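Let me begin by presenting the structure, written as C-alpha coordinates, before commenting on it.
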Amino acid sequence: FGAAVAANKLGDSNYTTILNREFNSLTPENEMKIDATEPNQNQFSYGAADQIVNHGRSRGWKVRGHTLAWHSQQPGWMANLSGTALRNAMLNHVTQVATHFRGQLYAWDVVNEAFADGSSGARRDSNLQRTGNDWIEAAFREARTADSSVKLCYNDYNTDNWNAAKTQAVYNMVRDFKNRGVPIDCVGFQAHFTGGSSYPSNFRTTLSNFAALGVDVQVTELD
(Lines give C-alpha, C1' and ligand atoms only; values in the text may rest on other atoms or scores of the structure.)
Protein backbone atom coordinates (compact mmCIF):
# COMPACT_ATOMS: atom_id res chain seq x y z
CA PHE A 1 0.00 0.00 0.00
CA GLY A 2 1.76 3.08 -1.27
CA ALA A 3 1.90 6.84 -1.07
CA ALA A 4 3.15 9.56 -3.37
CA VAL A 5 5.99 11.31 -1.56
CA ALA A 6 7.58 14.74 -1.94
CA ALA A 7 11.26 14.98 -1.05
CA ASN A 8 10.86 18.38 0.58
CA LYS A 9 8.40 16.86 3.08
CA LEU A 10 10.81 14.22 4.36
CA GLY A 11 12.11 16.71 6.93
CA ASP A 12 8.62 17.09 8.43
CA SER A 13 8.30 14.69 11.36
CA ASN A 14 4.48 14.65 11.26
CA TYR A 15 4.63 13.70 7.59
CA THR A 16 7.25 10.98 8.01
CA THR A 17 5.59 9.56 11.13
CA ILE A 18 2.40 8.90 9.16
CA LEU A 19 4.29 7.76 6.08
CA ASN A 20 6.44 5.28 7.97
CA ARG A 21 3.53 3.94 10.03
CA GLU A 22 0.88 3.52 7.35
CA PHE A 23 2.69 2.64 4.11
CA ASN A 24 5.19 0.13 2.74
CA SER A 25 5.60 1.47 -0.80
CA LEU A 26 6.24 4.89 -2.27
CA THR A 27 6.34 6.81 -5.53
CA PRO A 28 8.00 10.20 -6.01
CA GLU A 29 5.43 12.90 -6.70
CA ASN A 30 7.49 14.92 -9.19
CA GLU A 31 11.13 14.18 -8.49
CA MET A 32 11.57 11.54 -11.22
CA LYS A 33 9.69 13.39 -13.94
CA ILE A 34 11.60 14.61 -16.96
CA ASP A 35 11.90 18.25 -15.94
CA ALA A 36 13.33 17.20 -12.57
CA THR A 37 15.80 14.56 -13.75
CA GLU A 38 17.06 16.22 -16.96
CA PRO A 39 16.51 19.97 -16.56
CA ASN A 40 19.03 20.68 -19.30
CA GLN A 41 19.78 18.28 -22.14
CA ASN A 42 22.30 15.64 -21.07
CA GLN A 43 22.60 17.26 -17.64
CA PHE A 44 20.97 14.91 -15.15
CA SER A 45 19.88 15.67 -11.61
CA TYR A 46 18.92 12.87 -9.23
CA GLY A 47 19.37 14.31 -5.73
CA ALA A 48 15.71 14.65 -4.71
CA ALA A 49 14.72 11.37 -6.34
CA ASP A 50 17.61 9.57 -4.65
CA GLN A 51 16.45 10.95 -1.30
CA ILE A 52 13.00 9.39 -1.79
CA VAL A 53 14.40 6.09 -3.07
CA ASN A 54 16.73 5.87 -0.10
CA HIS A 55 13.90 6.55 2.34
CA GLY A 56 11.96 3.62 0.95
CA ARG A 57 14.78 1.18 0.37
CA SER A 58 16.27 1.71 3.83
CA ARG A 59 12.96 0.45 5.22
CA GLY A 60 12.66 -2.49 2.84
CA TRP A 61 9.79 -0.92 0.92
CA LYS A 62 8.95 -1.19 -2.76
CA VAL A 63 9.72 1.99 -4.70
CA ARG A 64 7.84 2.75 -7.91
CA GLY A 65 9.43 4.98 -10.54
CA HIS A 66 7.32 7.67 -12.21
CA THR A 67 7.79 8.44 -15.10
CA LEU A 68 10.25 8.03 -17.99
CA ALA A 69 8.26 9.29 -21.00
CA TRP A 70 5.33 11.71 -20.81
CA HIS A 71 3.91 14.57 -22.84
CA SER A 72 3.65 16.73 -19.71
CA GLN A 73 6.23 18.26 -17.37
CA GLN A 74 8.85 18.22 -20.08
CA PRO A 75 11.67 20.73 -19.61
CA GLY A 76 11.73 23.58 -22.10
CA TRP A 77 14.54 22.11 -24.16
CA MET A 78 12.58 18.88 -24.77
CA ALA A 79 9.28 20.63 -25.40
CA ASN A 80 10.97 22.54 -28.20
CA LEU A 81 12.28 19.41 -29.95
CA SER A 82 10.50 17.37 -32.61
CA GLY A 83 11.02 14.49 -34.98
CA THR A 84 14.20 12.44 -34.84
CA ALA A 85 15.90 14.82 -32.42
CA LEU A 86 13.06 14.41 -29.93
CA ARG A 87 12.89 10.64 -30.39
CA ASN A 88 16.62 10.29 -29.75
CA ALA A 89 16.45 12.62 -26.74
CA MET A 90 13.54 10.66 -25.27
CA LEU A 91 15.37 7.35 -25.69
CA ASN A 92 18.54 8.79 -24.19
CA HIS A 93 16.52 10.05 -21.22
CA VAL A 94 14.98 6.61 -20.69
CA THR A 95 18.40 4.96 -20.87
CA GLN A 96 20.16 7.36 -18.52
CA VAL A 97 17.45 7.53 -15.85
CA ALA A 98 16.59 3.82 -15.88
CA THR A 99 20.29 2.99 -15.69
CA HIS A 100 20.81 5.33 -12.73
CA PHE A 101 18.05 3.59 -10.76
CA ARG A 102 18.79 0.07 -12.00
CA GLY A 103 18.30 -2.50 -9.26
CA GLN A 104 16.66 -0.01 -6.88
CA LEU A 105 13.05 0.08 -8.07
CA TYR A 106 10.20 -2.40 -8.10
CA ALA A 107 8.48 -0.91 -11.16
CA TRP A 108 8.67 1.98 -13.63
CA ASP A 109 5.85 3.89 -15.26
CA VAL A 110 7.72 3.85 -18.56
CA VAL A 111 5.04 5.77 -20.47
CA ASN A 112 2.31 7.85 -18.87
CA GLU A 113 -1.05 9.03 -20.26
CA ALA A 114 -0.46 8.48 -23.97
CA PHE A 115 -4.10 8.00 -25.02
CA ALA A 116 -6.72 10.66 -25.71
CA ASP A 117 -9.87 11.12 -23.68
CA GLY A 118 -13.26 10.75 -25.30
CA SER A 119 -14.73 8.22 -27.68
CA SER A 120 -12.06 8.12 -30.40
CA GLY A 121 -9.78 5.51 -28.85
CA ALA A 122 -6.90 7.41 -30.44
CA ARG A 123 -3.47 8.25 -29.15
CA ARG A 124 -3.07 11.65 -27.52
CA ASP A 125 -1.64 14.19 -29.94
CA SER A 126 1.71 15.15 -28.42
CA ASN A 127 5.22 15.96 -29.55
CA LEU A 128 6.21 12.39 -28.65
CA GLN A 129 3.33 10.87 -30.63
CA ARG A 130 4.31 12.95 -33.64
CA THR A 131 7.72 11.23 -33.69
CA GLY A 132 5.92 8.07 -34.88
CA ASN A 133 3.33 5.65 -33.57
CA ASP A 134 6.02 3.23 -32.38
CA TRP A 135 7.35 5.65 -29.74
CA ILE A 136 5.74 3.80 -26.82
CA GLU A 137 7.17 0.47 -27.95
CA ALA A 138 10.57 2.11 -28.43
CA ALA A 139 10.49 3.52 -24.89
CA PHE A 140 9.64 0.11 -23.39
CA ARG A 141 12.38 -1.65 -25.32
CA GLU A 142 14.90 1.00 -24.26
CA ALA A 143 13.85 0.69 -20.63
CA ARG A 144 14.25 -3.07 -20.71
CA THR A 145 17.74 -2.76 -22.17
CA ALA A 146 18.67 -0.35 -19.38
CA ASP A 147 17.20 -2.47 -16.54
CA SER A 148 16.56 -6.15 -17.11
CA SER A 149 14.70 -6.85 -13.86
CA VAL A 150 12.40 -3.91 -13.05
CA LYS A 151 8.71 -4.23 -13.92
CA LEU A 152 7.81 -2.02 -16.89
CA CYS A 153 4.37 -0.39 -16.71
CA TYR A 154 2.02 1.66 -18.81
CA ASN A 155 -0.02 4.12 -16.68
CA ASP A 156 -3.16 6.11 -17.53
CA TYR A 157 -6.44 7.55 -16.21
CA ASN A 158 -10.09 7.13 -17.31
CA THR A 159 -9.29 3.51 -18.17
CA ASP A 160 -11.43 2.00 -15.42
CA ASN A 161 -14.67 1.40 -17.32
CA TRP A 162 -14.24 -1.68 -19.51
CA ASN A 163 -16.63 -0.29 -22.15
CA ALA A 164 -14.80 3.01 -22.59
CA ALA A 165 -13.00 3.56 -25.90
CA LYS A 166 -9.86 4.66 -24.06
CA THR A 167 -9.82 1.48 -21.96
CA GLN A 168 -10.22 -0.66 -25.08
CA ALA A 169 -7.46 1.21 -26.88
CA VAL A 170 -4.99 0.66 -24.03
CA TYR A 171 -6.06 -3.00 -23.80
CA ASN A 172 -5.46 -3.50 -27.52
CA MET A 173 -2.00 -1.92 -27.25
CA VAL A 174 -1.03 -4.15 -24.32
CA ARG A 175 -2.37 -7.24 -26.07
CA ASP A 176 -0.39 -6.33 -29.19
CA PHE A 177 2.77 -5.77 -27.12
CA LYS A 178 2.40 -9.15 -25.41
CA ASN A 179 1.75 -10.89 -28.73
CA ARG A 180 4.84 -9.36 -30.33
CA GLY A 181 7.17 -9.71 -27.37
CA VAL A 182 7.41 -6.02 -26.53
CA PRO A 183 8.49 -5.93 -22.86
CA ILE A 184 5.57 -4.84 -20.67
CA ASP A 185 4.90 -6.23 -17.21
CA CYS A 186 2.18 -4.11 -15.68
CA VAL A 187 -0.59 -1.60 -16.30
CA GLY A 188 -1.37 1.22 -13.88
CA PHE A 189 -4.94 2.42 -13.40
CA GLN A 190 -5.06 5.86 -11.81
CA ALA A 191 -8.60 5.15 -10.55
CA HIS A 192 -9.82 8.71 -9.96
CA PHE A 193 -13.34 7.91 -8.71
CA THR A 194 -14.13 11.55 -7.91
CA GLY A 195 -15.49 14.63 -9.60
CA GLY A 196 -16.44 13.87 -13.18
CA SER A 197 -15.63 10.19 -12.80
CA SER A 198 -17.12 7.47 -10.62
CA TYR A 199 -16.48 3.86 -9.67
CA PRO A 200 -17.67 1.78 -12.67
CA SER A 201 -19.61 -1.40 -11.94
CA ASN A 202 -17.36 -3.28 -14.40
CA PHE A 203 -14.02 -2.20 -12.87
CA ARG A 204 -13.28 -5.77 -11.80
CA THR A 205 -13.93 -6.92 -15.36
CA THR A 206 -11.38 -4.37 -16.57
CA LEU A 207 -8.74 -5.54 -14.12
CA SER A 208 -9.43 -9.22 -14.83
CA ASN A 209 -9.22 -8.78 -18.59
CA PHE A 210 -5.92 -6.93 -18.39
CA ALA A 211 -4.51 -9.46 -15.94
CA ALA A 212 -5.47 -12.24 -18.33
CA LEU A 213 -3.01 -10.75 -20.83
CA GLY A 214 -0.23 -11.65 -18.41
CA VAL A 215 0.42 -8.22 -16.87
CA ASP A 216 0.16 -7.08 -13.28
CA VAL A 217 -2.64 -4.59 -12.63
CA GLN A 218 -1.85 -1.75 -10.24
CA VAL A 219 -4.09 0.96 -8.81
CA THR A 220 -1.71 3.89 -8.93
CA GLU A 221 -3.47 7.01 -7.63
CA LEU A 222 -6.96 6.18 -6.25
CA ASP A 223 -9.13 9.00 -5.04
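Since the model is a prediction, treat every value here as computed from it, not as a measurement. All heavy atoms count here, side chains included; hydrogens, waters and symmetry mates do not.
Counting heavy atoms from C-beta on, the side chains of Asp117 and Lys166 come closer than 4.5 Å. Between Met90 and Arg87 there is a side-chain heavy-atom pair separated by less than 4.5 Å. The shortest side-chain heavy-atom distance between Gln104 and Val63 does not fall under the 4.5 Å cut-off. Side-chain contact between Leu10 and Gln51 is present, with at least one heavy-atom pair separated by less than 4.5 Å. Taking the side chain as every heavy atom from C-beta outward, His66 and Lys33 approach each other to under 4.5 Å. Between Tyr154 and Met173 the shortest side-chain heavy-atom distance falls below 4.5 Å. Side-chain contact between Thr206 and Tyr171: absent, with no pair of heavy atoms (C-beta onward) separated by less than 4.5 Å.
The aromatic rings of Phe203 and Tyr199 sit perpendicular to each other, their planes meeting at more than 60°, with 30° as the lower class boundary. Ring pair Phe140/Phe177 is perpendicular by interplanar angle, where above 60° counts as perpendicular and below 30° as parallel.
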Test salt bridge (Lys or Arg N to Asp or Glu O under 4.0 Å) applied to Asp134 and Arg141, step by step:
CA-CA 11 Å; Asp134 64 335; Arg141 292 191 183 278; over 6 Å; no
For Leu128 and Trp70: C-alpha separation, side-chain torsions, deciding distance, then whether side chain to side chain contact (heavy atoms under 4.5 Å, CB included) applies.
CA-CA 8 Å; Leu128 290 169; Trp70 190 27; 5.8 Å; no
Checking Gln96 against Glu38 for the side chain to side chain contact (heavy atoms under 4.5 Å, CB included) test, could you report, in this order, the C-alpha distance in whole Å, the side-chain angles of both residues, the deciding distance, and whether it holds?
CA-CA 10 Å; Gln96 298 298 327; Glu38 194 179 0; over 6 Å; no
Any chance you could lay out the side chain to side chain contact (heavy atoms under 4.5 Å, CB included) test for Leu105 and Met32, step after step, and finish with the verdict?
CA-CA 12 Å; Leu105 306 181; Met32 284 185 183; 4.1 Å; yes
Using the side chain to side chain contact (heavy atoms under 4.5 Å, CB included) rule, take Asp147 and Phe101 through it: C-alpha gap first, then chi angles, then the decisive distance, then the call.
CA-CA 8 Å; Asp147 190 334; Phe101 292 106; over 6 Å; no
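With hydrogens and angles ignored, the 3.5 Å screen pairs no side-chain donor or acceptor of Asn40 with any backbone N or O of Gln43. Under a 3.5 Å cut-off, the side chain of Thr167 and the backbone N or O of Asn163 do not form any donor-acceptor pair. Distance alone, capped at 3.5 Å, places no donor-acceptor pair between the Arg175 side chain and the Leu213 backbone. Looking only at distances, no side-chain donor or acceptor of Arg64 sits under 3.5 Å from a matching main-chain atom of Ser25.
The structure places CG of Asn172 at 8.5 Å from CG of Asp176, a figure rounded to the nearest 0.5 Å. Rounding to the nearest 0.5 angstrom, the gap separating the OG1 atom in Thr131 from the CG atom in Leu81 is 11.0 Å. Once rounded to the nearest 0.5 Å, the distance linking OG1 of Thr27 with NZ of Lys62 reads 12.0 Å. Distance check, rounded to the nearest 0.5 Å: CG of Leu68 to CH2 of Trp108 gives 4.0 Å. The OG1 atom of Thr67 sits 7.0 Å away from atom CD1 of Ile34, with the distance rounded to the nearest 0.5 Å. Atoms CG and CG, from Asn112 and Asn155 in turn, are 5.0 Å apart once rounded to the nearest 0.5 Å.
With respect to Phe189, the ring-ring contact (aromatic ring centres under 6.0 Å, His included) criterion is satisfied by exactly one of Trp162, Tyr157, Phe210: Phe210. A side-chain contact (heavy atoms from CB on, under 4.5 Å) with Val174 holds for exactly one of Val215, Asn209, Val182; it is Val215.
Between Glu29 and Lys9 no salt bridge is recorded (no basic side-chain N to carboxylate O distance below 4.0 Å). In summary, Asp185 and Arg144 engage in a salt bridge, as defined by a charged side-chain N under 4.0 Å from a carboxylate O.
Hydrophobic clustering (side-chain heavy atoms under 4.5 Å, transitive across Ile, Leu, Val, Met, Phe, Trp, Tyr) keeps Ile18 apart from Ile52. Under the 4.5 Å side-chain contact rule for hydrophobic residues, Trp61 and Val219 share a cluster. Linking ILVMFWY residues whenever their side-chain heavy atoms come closer than 4.5 Å, directly or via other members, places Phe1 and Val5 in the same cluster. Hydrophobic clustering places Val97 together with Trp77 (ILVMFWY residues linked when any side-chain heavy atoms are closer than 4.5 Å, directly or through intermediates). By the criterion of side-chain heavy atoms lying less than 4.5 angstrom apart, applied directly or through intervening Ile, Leu, Val, Met, Phe, Trp or Tyr residues, Leu26 is not grouped with Tyr106; the two fall into different hydrophobic clusters.
Heavy-atom minimum distance, Pro39 versus Ser45: CD-CB, 4.1 Å. Cys186 and Gln218 get closest at one heavy-atom pair: CB-NE2, 3.9 Å. When all heavy atoms of Glu113 and Arg124 are compared, the pair lying nearest together is O-NE, 2.9 Å. Glu31 and Ala7 make their closest contact through OE2-N, 2.8 Å (heavy atoms, listed as atom of the first residue, atom of the second, distance). Looking at every heavy atom in both residues, Ala169 comes nearest to Gly121 through CB-O, 3.3 Å. In terms of heavy-atom proximity, Ala114 sits nearest to Trp135 at CB-CZ2, 3.7 Å.
In this structure, Arg204 places its CZ atom where only 12 or fewer heavy-atom neighbours from other residues, nucleotides or ligands lie under 6.0 Å away.
Between the side chains of His55 and Asn20, at least one donor N or O sits under 3.5 Å from an acceptor N or O. Counting only N and O atoms by type, the side chains of Asn127 and Arg130 include no donor and acceptor under 3.5 Å apart.
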